[in-house]
Protein chains: 2
Amino acid sequence: MISLEQNTNPDPSDFPSEIEGLRMTKQRREVLAVLLAERDHPTANDVFLRSQQRMATISLATVYNCLEALVSHNLVRQVNFERESSRYCPNLADHCHFQDEESGKIHDVVFKDGVKLEDILVLPQGTDINHLEISLKGHFGQSKNHKTP
Amino acid sequence: MISLEQNTNPDPSDFPSEIEGLRMTKQRREVLAVLLAERDHPTANDVFLRSQQRMATISLATVYNCLEALVSHNLVRQVNFERESSRYCPNLADHCHFQDEESGKIHDVVFKDGVKLEDILVLPQGTDINHLEISLKGHFGQSKNHKTP
DNA sequence: ATTACGAATTAGAATAATTCTAAATTTTGA
DNA sequence: TCAAAATTTAGAATTATTCTAATTCGTAAT
């Protein structure tokens with residue numbers, strides 16, 4: 001299987017014709033490539049503007065359609081902060097998001113090793129979680145081992 | 001200090017004239033009373049409809065204004081699920097939210113005793129969290145000790 | 001190749017939650 | 001009591017997203 005890694009600046013035409021049961025059209029390839037190219041968290045409109053640079057004819061509606069297709073096939077995650085417009089993230093590893101209030105930039109935050117949600121929340125037994133979103137806001141600290149791309 | 005507890009069905013006129021530095025106008029009292037009266041998580045429009053029953057002249061714009069005033073003075077919390085319309089919650093205790101996908105209803109979920117966020121996330125040192133939102137979705141289980149109001 | 005079919009794309013209109021504006025009203029405090 | 005400030009109000013404006021209907025594309029069968 002092709003690796004959908006970030007910061008790889010992939011050539012969209014290298015993607016296979018189908019991923020996770022989703023037919024990879026020209027536009028979907030382009031949108032996915034845009035998301036993989038940078039590890040920021042662009043809005044649909046940001047993605048549209050970037051996609052346009054390589055594919056002048058793509059429309060905003062198509063970008064919305066592609067994003068929704070990619071999200072529903074678990075190739076991309078949708079990220080929400082309060083009522084701000086949705087952002088998109090190709091990092092599929094278990095993580096959550098921190099928004100630095102100074103810059104507005106969003107950073108991926110991972111859980112410490114071995115932490116599971118059921119370990120920290122009081123949920124009635126039998127509860128089945130399909131979807132989880134953790135959004136943090138505040139001031140970002142600087143640390144030697146945290147990479148700011 | 002007056003106790004702003006839920007399910008108390010308070011008489012809005014019992015609220016003091018100022019809470020947490022916020023002048024309690026007639027409309028703000030009404031909106032706060034609506035939120036305290038039930039432990040569901042109404043949208044702005046729900047709050048508007050309920051407020052109207054006791055105060056026929058209140059406007060939707062005012063409800064939005066009041067909610068924003070109450071939220072910014074930490075008398076009420078704003079709750080977001082993806083891009084759905086915001087909901088409001090008068091429970092100020094540390095907790096997060098679970099939406100049952102069958103009913104759409106939102107339930108408060110608390111952390112297990114002694115769990116702190118810094119304990120479970122890998123954050124660069126010096127990071128200062130001002131705001132945290134955890135939203136879960138899935139199927140609600142039934143448990144003997146979980147109260148469904 | 002050509003054709004036919006379903007899927008995807010497109011432009012633009014529609015929607016809906018929220019915010020804004022400006023006028024009217026209420027409250028405060030001198 | 002009066003002026004200034006704050007709040008409320010109705011309705012217009014905004015904006016992210018979704019919808020609609022027409023067109024185009026891709027594929028696979030003839």
Side-chain angles (χ1 to χ4, degrees), chain A residues 12-13 15-34 41-52 54-73 75-88 104 106, chain B residues 12-13 15-34 41-52 54-73 75-88 104 106:
Chain A
S13 61
F15 295 137
S17 68
E18 191 168 307
I19 309 181
E20 300 275 321
L22 179 69
R23 230 177 90 201
M24 291 305 288
T25 63
K26 207 149 31 92
Q27 288 84 346
R28 287 175 186 163
R29 281 165 216 269
E30 205 50 67
V31 165
L32 181 54
V34 161
H41 292 78
T43 63
N45 196 58
D46 293 336
V47 173
F48 171 55
L49 295 174
R50 293 180 199 174
S51 302
Q52 261 190 326
R54 307 187 85 214
M55 193 189 236
T57 60
I58 199 170
S59 74
L60 180 57
T62 297
V63 169
Y64 272 103
N65 290 342
C66 292
L67 288 170
E68 124 81 18
L70 294 168
V71 167
S72 68
H73 286 73
L75 295 172
V76 150
R77 282 179 55 188
Q78 189 168 7
V79 175
N80 298 294
F81 272 87
E82 323 228 284
R83 303 277 315 155
E84 292 172 29
S85 40
S86 286
R87 296 160 176 279
Y88 296 87
I106 289 170
Chain B
S13 61
F15 295 139
S17 67
E18 190 169 306
I19 307 182
E20 300 275 321
L22 178 67
R23 231 177 86 199
M24 291 306 286
T25 64
K26 207 148 34 91
Q27 288 82 349
R28 287 173 186 162
R29 280 166 216 269
E30 205 51 65
V31 165
L32 182 54
V34 161
H41 292 76
T43 63
N45 196 57
D46 293 336
V47 172
F48 171 55
L49 295 174
R50 293 179 199 174
S51 300
Q52 261 191 325
R54 308 186 85 216
M55 194 188 234
T57 59
I58 199 170
S59 74
L60 179 57
T62 297
V63 169
Y64 272 102
N65 290 343
C66 291
L67 288 169
E68 124 81 17
L70 293 168
V71 167
S72 68
H73 285 74
L75 296 173
V76 150
R77 283 179 55 186
Q78 189 168 9
V79 175
N80 299 293
F81 272 86
E82 323 227 281
R83 302 277 314 154
E84 292 173 29
S85 41
S86 285
R87 296 162 176 278
Y88 297 86
I106 290 170

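Here is how names work: the chains are called A, B, and so on, in the same order as the sequence lines, proteins then strands, and each is numbered from 1.
The side chain of A/T25 contributes an N or O atom lying less than 4.0 Å from OP1 or OP2 of C/dT9. Listed pair A/T62 / C/dT10 meets the phosphate criterion, a side-chain N or O lying under 4.0 Å from OP1 or OP2. Within the structure, a side-chain polar atom (N or O) of B/R28 is placed less than 4.0 Å from OP1 or OP2 of D/dT7. Remark: B/Y64 is not in phosphate contact with C/dT19, judged by side-chain N or O atoms under 4.0 Å from OP1 or OP2.
In this entry the distance linking CD of B/E68 with P of D/dT7 reads 11 Å, nearest Å. Between the CZ atom of A/R83 and the P atom of C/dT19 there is a distance of 8 Å, given to the nearest Å. Whole-Å rounding puts the A/M24 CE to C/dT9 P distance at 10 Å. In this entry the distance linking CG of A/D46 with C1' of D/dA16 reads 13 Å, nearest Å. If you measure from atom CG of B/L67 to atom P of D/dT7, you get 15 Å, rounded to the nearest angstrom. Between B/L60 atom CG and D/dT8 atom P there is a gap of 14 Å when expressed in whole angstrom units. Taking atom CD on B/Q27 and atom P on D/dA6, their separation rounds to 17 Å, with Å as the unit. Straight-line distance from the CD1 atom of A/I58 to the P atom of C/dA8: 14 Å, rounded to whole Å.
Looking at every heavy atom in both residues, A/L60 comes nearest to A/F48 through N-CE1, 3.4 Å. Contact record, A/S86 with A/Q78: OG-NE2, 2.9 Å, taken as the closest heavy-atom pair. Nearest approach of B/R29 to B/F15, heavy atoms of both residues: NH1-O, 2.6 Å. B/A44 and B/V63 make their closest contact through O-CG1, 3.6 Å (heavy atoms, listed as atom of the first residue, atom of the second, distance). Listed here is the closest heavy atom pair of B/S85 and A/R83: CA-NH1, 3.6 Å. Scanning all heavy atoms of the two residues, the minimum distance from B/I19 to B/M24 falls at CG1-CG, 3.7 Å.
With contacts defined as side-chain heavy-atom distances shorter than 4.5 Å, the pair B/E30/B/R50 does not qualify.
Interatomic distance, CD of A/E20 versus OG of A/S72, reported as 11.0 Å (0.5 Å rounding). Note: A/L67 CG to A/L75 CG = 11.5 Å, rounded to the nearest 0.5 Å.
Residues passing the side chain to side chain contact (heavy atoms under 4.5 Å, CB included) test with A/N65, sequence neighbours excluded: none.
Residue B/C66 has its side chain nearest to D/dT8 when only C/dT10, C/dT18, D/dT8 are considered.
If you check every strand for non-hydrogen atoms under 4.0 Å, B/S86 touches sugar and phosphate atoms only. B/T43 comes within 4.0 angstrom of no nucleic acid atom, judged by non-hydrogen atoms across all strands. Within the 4.0 angstrom heavy-atom criterion, no nucleotide atom of any strand lies near A/N45.
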Show me the protein contacts with nucleotides 11-13 of chain D, counting only N or O atoms at under 3.5 Å.
none

Name the pairs: protein N/O against N/O of nucleotides 23-30 of chain C, kept only if under 3.5 Å.
from	atom 1	to	atom 2	distance (Å)
C/dT27	O3'	B/R23	NH2	3.3

